[in-house]
**Student:** 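One structure coming up, written as structure tokens, with questions to follow.
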Number of protein chains: 4
Amino acid sequence: MPEILARPQAQRVDAARNRARLLEVARAHLLAGNDLPLNTIAREAAVGVGTAYRHFPNRATLLEALAIDAFEALLEQVSAAIVASGTDTAAALRGALQAAFNELRGDAALAKILSSGAFSCADTAAIASDLVTAFTDVLARARREGLLREDVGPDDLRRLLCGLAAATHAGTEPVADPSRYLEILVAGLRPH
Amino acid sequence: MPEILARPQAQRVDAARNRARLLEVARAHLLAGNDLPLNTIAREAAVGVGTAYRHFPNRATLLEALAIDAFEALLEQVSAAIVASGTDTAAALRGALQAAFNELRGDAALAKILSSGAFSCADTAAIASDLVTAFTDVLARARREGLLREDVGPDDLRRLLCGLAAATHAGTEPVADPSRYLEILVAGLRPH
Amino acid sequence: MPEILARPQAQRVDAARNRARLLEVARAHLLAGNDLPLNTIAREAAVGVGTAYRHFPNRATLLEALAIDAFEALLEQVSAAIVASGTDTAAALRGALQAAFNELRGDAALAKILSSGAFSCADTAAIASDLVTAFTDVLARARREGLLREDVGPDDLRRLLCGLAAATHAGTEPVADPSRYLEILVAGLRPH
Amino acid sequence: MPEILARPQAQRVDAARNRARLLEVARAHLLAGNDLPLNTIAREAAVGVGTAYRHFPNRATLLEALAIDAFEALLEQVSAAIVASGTDTAAALRGALQAAFNELRGDAALAKILSSGAFSCADTAAIASDLVTAFTDVLARARREGLLREDVGPDDLRRLLCGLAAATHAGTEPVADPSRYLEILVAGLRPH
DNA sequence: AATGAATGAGCGTTCATTCAT
DNA sequence: TATGAATGAACGCTCATTCAT
């Protein structure tokens, strides 16, 4: 009995370790600016290719798995910034954008999936949805208070933030003082 | 007589036709969001691989060859916008950015090489240099007249424009009314 | 029971068959004086390219795999000749050279890797090391007994044997009575 | 009139310069241990591929053209050594072998074609024939005087010398004091 | 569920050779 | 006769994906 119960348990532990190893190796590849060849990643993670495919049936899954922690962090930071600003809507907006910009610049996987604007796994989609809610709220307040252009919605912010993050990498060397770009965005979002 | 003169021309015509075919096929690949595999492109252009390599020894060469017309157009449009604005510096800056943004959004090859910030062929580099000159000039005037943040240079504009262009594509479907993004940039560039 | 035990074996059988096929085809190429293009060899062995590369990641590996049996045989024959000669050092030296010469002439792969003087796989290197030991010993005895030039070491013998083996093939047709060349070497190694 | 006569003259000069350039570039490639890709050589020689093919319809021709100077030098040195030794047959034999060995080691192209034992161009074949004559003569004298094994002919010497030359290169680094190998050969050729 | 061998499409690149001019 | 553009076979190598065990 204990045996039978123990087996699947043991396997789950094993599976979790495999998954963790795969993610770790994949993250290293991404950081190094490399692709994510599943074959190589599996080998480096000391895991069979088949196992890798079981965990991540396609590259999007792997990418989202890589990004999800950073995505959760992004959501938290954004929410925290909004909460912390209380009724200061301008600060809330700026803080939310700042938080998103920072997380985005810090995680290549997150930048990739957020740029694509489509999510294939439920967890990621859920976070995205919460994020939209949070921003929709701030945007509404900001608009009401005359702090924001009328023609900008949450999806525009997603695009603009991704674009700005890309801008900071668009060259042979990283840009100096990326926060300038965020300031430009924040200023530009004010009504004309 | 014309015949004799035409003969040597003839071969060049052949070469030119091959080159044109290769470029055409390559452009189609790029539009479809694909890479530029020389092998495939050669096959689809009904041209030997060796011929493809003779014309474009590497991918960068091909990419720049694809982009150079649009890059020239960009330079011309930017210059024209500046000239047309006369002493109205704000209009010159806005017009130059507008022109660059439009060209950039219209040509994927141009967007790619401009994002990379490095040019491997002399012609492209020359255009880039002229462009920097043109923008440096406008930026200087704008700064002098208090129309522009102090901390923004021509390379920042290159990055920001590329980023904005990317933003307009960052999703499953193109953004509505991309000019809004340019307005945001223009507004954001004004001193705080 | 045998079934359960046989299962894992079965896959290895498959792999082994592929490996054997590849080696067989490769050997034929070498005999024909051709190179060892992995692509072609894979096709002729009716095996996927990837499989070929899995077994032999590069040409050196393939070559050493082809040669290793003959190399082992060479080591055995040399050792046997030395042992069989007992205290007759002259016979030991002659026998060892003879054995090496024969094996070398019989296996093109072995001739190639021994000529290169470098071994990329551990097994081959180990045999080479044993061989050096064996020869070093005989050479020392021979020198002590005044049967050998002072200025000849094991690596010289490797080179000279490879050179002689090459000499027997250096023409449109194989040389008549190759053993003459070995006699010349043996005689030439005696002190002046 | 002078024009008509001058034209072909001028072209021959041109052709000769092209030929010389091609040979020069090819020699450089060979020295660097590279292959002789006609395409590349033609380009580096600033000569059309077609022209290169006109001069050297196949690689053997090119190789022999590269080797012929060294081959002539070899013949001269060998003859000179024989003449200089007068009636001292042992010295003549040793000198001839020495000379051949040196030239062979000094010119990779010569080593290649001499190893092949077949000549596709008449000039090379003529030199080879003269060389055989010269050696045949010395060998006959040496045999008559009991200085040489009975079973060794000129072609054996060709093979053995090529083999020895190969022996000096058979490793990651060139052998120390190659003349030892020649001494071994000379000694080994004496009758048992 | 895990493993890893096998497969083969596909891309990069070189080079011998032909042929129109 | 010289030129060099064109060709395409061939090889090196990678990687996504399947599948038997």
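Proteins come first, then strands; the chains are lettered A, B, ... in the order of their sequence lines, and each starts at number 1. In this text the structure is predicted, and so the values were computed from the model without any measurement.
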**Student:** Scan residues 26-42 of chain C for pairs that pass side chain to side chain donor-acceptor pair (under 3.5 Å), counting only residues two or more places apart or in two chains.
**Tutor:**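 For residues 26-42 of chain C, and leaving out neighbouring residues, the side chain to side chain donor-acceptor pair (under 3.5 Å) pairs sorted by first residue read C:H29-C:E44.
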**Student:** With respect to the side chain of C:A15, which nucleotide from F:dA16, E:dG4, E:dA6 is positioned closest?
**Tutor:**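 Closest nucleotide to the C:A15 side chain: E:dA6.
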**Student:** Could you go through D:R17 and D:D14, starting from their C-alpha distance and side-chain angles, then the distance that decides it, and tell me whether this counts as side-chain contact (heavy atoms from CB on, under 4.5 Å)?
**Tutor:** CA-CA 5 Å; D:R17 202 182 53 217; D:D14 224 53; 3.0 Å; yes
**Student:** After noting the C-alpha distance and the side-chain angles of A:T51 and A:H55, does the key distance pass the side-chain contact (heavy atoms from CB on, under 4.5 Å) rule?
**Tutor:** CA-CA 6 Å; A:T51 307; A:H55 284 290; 3.8 Å; yes
**Student:** With respect to the phosphate group of F:dG4, does any side-chain polar atom (N or O) of D:R43 fall under 4.0 Å of OP1 or OP2?
**Tutor:**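 No, D:R43 has no side-chain N/O under 4.0 Å of OP1/OP2 on F:dG4.
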**Student:** Using heavy-atom distances to pick each residue's nearest nucleotide on DNA chain F, tell me which of A:Y53 and B:A46 is more 5'.
**Tutor:**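 It is B:A46 whose nearest nucleotide is closer to the 5' end.
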**Student:** Atom CZ of D:F56 to atom P of E:dT17: distance rounded to whole Å?
**Tutor:**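 These atoms are roughly 15 Å apart.
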**Student:** Please report, rounded to the nearest Å, how far the P atom of E:dA16 is from the CG atom of D:L22.
**Tutor:**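 From D:L22 CG to E:dA16 P: 13 Å.
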**Student:** Any side-chain N or O of C:N58 below 4.0 angstrom from OP1/OP2 of F:dC13?
**Tutor:**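 No, outside the criterion.
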**Student:** Within this structure, what is the CG-to-P distance between B:L38 and E:dT13, rounded to whole angstrom?
**Tutor:**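 In whole Å, E:dT13 P and B:L38 CG are 7 Å from each other.
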**Student:** Partner lookup for E:dT14, please. Criteria are Watson-Crick or G-U wobble with both distances under 3.5 angstrom; report none if nothing qualifies.
**Tutor:** F:dA9
**Student:** Rounded to whole angstroms, how far apart are CZ on D:R19 and P on F:dA2?
**Tutor:**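 Rounded to whole Å, this separation is 12 Å.
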**Student:** Closest to the B:V49 side chain: F:dA9, E:dC15, E:dT17?
**Tutor:**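 Side chain of B:V49 sits closest to F:dA9.
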**Student:** The side chain of A:R59 lies closest to which of these nucleotides: F:dC15, F:dT18, F:dA6?
**Tutor:** F:dC15
**Student:** Check the distance between F:dT3's P and D:E44's CD and give it to me in whole angstrom.
**Tutor:**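 Going from CD in D:E44 over to P in F:dT3 covers 16 Å.
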**Student:** At less than 4.0 Å, is any side-chain N or O atom of B:H55 found next to OP1 or OP2 of F:dA5? Yes or no.
**Tutor:** no
**Student:** Start at the 5' end of DNA chain E and walk down; is the nucleotide closest to A:A52 or to C:V47 reached first?
**Tutor:** A:A52
**Student:** For E:dT7 and C:T51 - does any side-chain N or O of the residue sit under 4.0 Å from the phosphate oxygens OP1/OP2?
**Tutor:**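 For C:T51, the contact criterion (side-chain N or O under 4.0 Å from OP1 or OP2 of E:dT7) is met.
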**Student:** In Watson-Crick or G-U wobble terms, both distances under 3.5 Å, what is the partner of E:dA20?
**Tutor:** F:dT3
**Student:** Would you kindly give the CZ-to-P distance between A:R17 and E:dA1, to the nearest whole Å?
**Tutor:**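 Taking atom P of E:dA1 as the reference, CZ of A:R17 is at 16 Å.
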**Student:** Base, sugar-phosphate alone, or nothing: which one does A:N18 contact when heavy atoms must sit under 4.0 Å apart?
**Tutor:**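 The residue A:N18 makes sugar-phosphate contact but no base contact.
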**Student:** Would you kindly give the CZ-to-P distance between C:R21 and E:dT7, to the nearest whole Å?
**Tutor:**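 It works out to 8 Å between those atoms.
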**Student:** Report the residue (B:R54 or C:P57) whose heavy-atom-nearest nucleotide on DNA chain F is the more 5′ of the two.
**Tutor:**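 Going by which nucleotide is closer to the 5' end, it is B:R54.
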**Student:** Please examine the side chains of C:L66 and C:F71, heavy atoms only from C-beta on, and report whether any two atoms are closer than 4.5 Å.
**Tutor:** no
**Student:** How far does SG of C:C121 sit from CG of C:L62, to the nearest 0.5 angstrom?
**Tutor:** 11.5 Å
**Student:** Determine whether any donor atom in the side chain of D:N39 lies under 3.5 Å from an acceptor atom in the base of E:dA16, or the reverse, and answer yes or no.
**Tutor:** yes
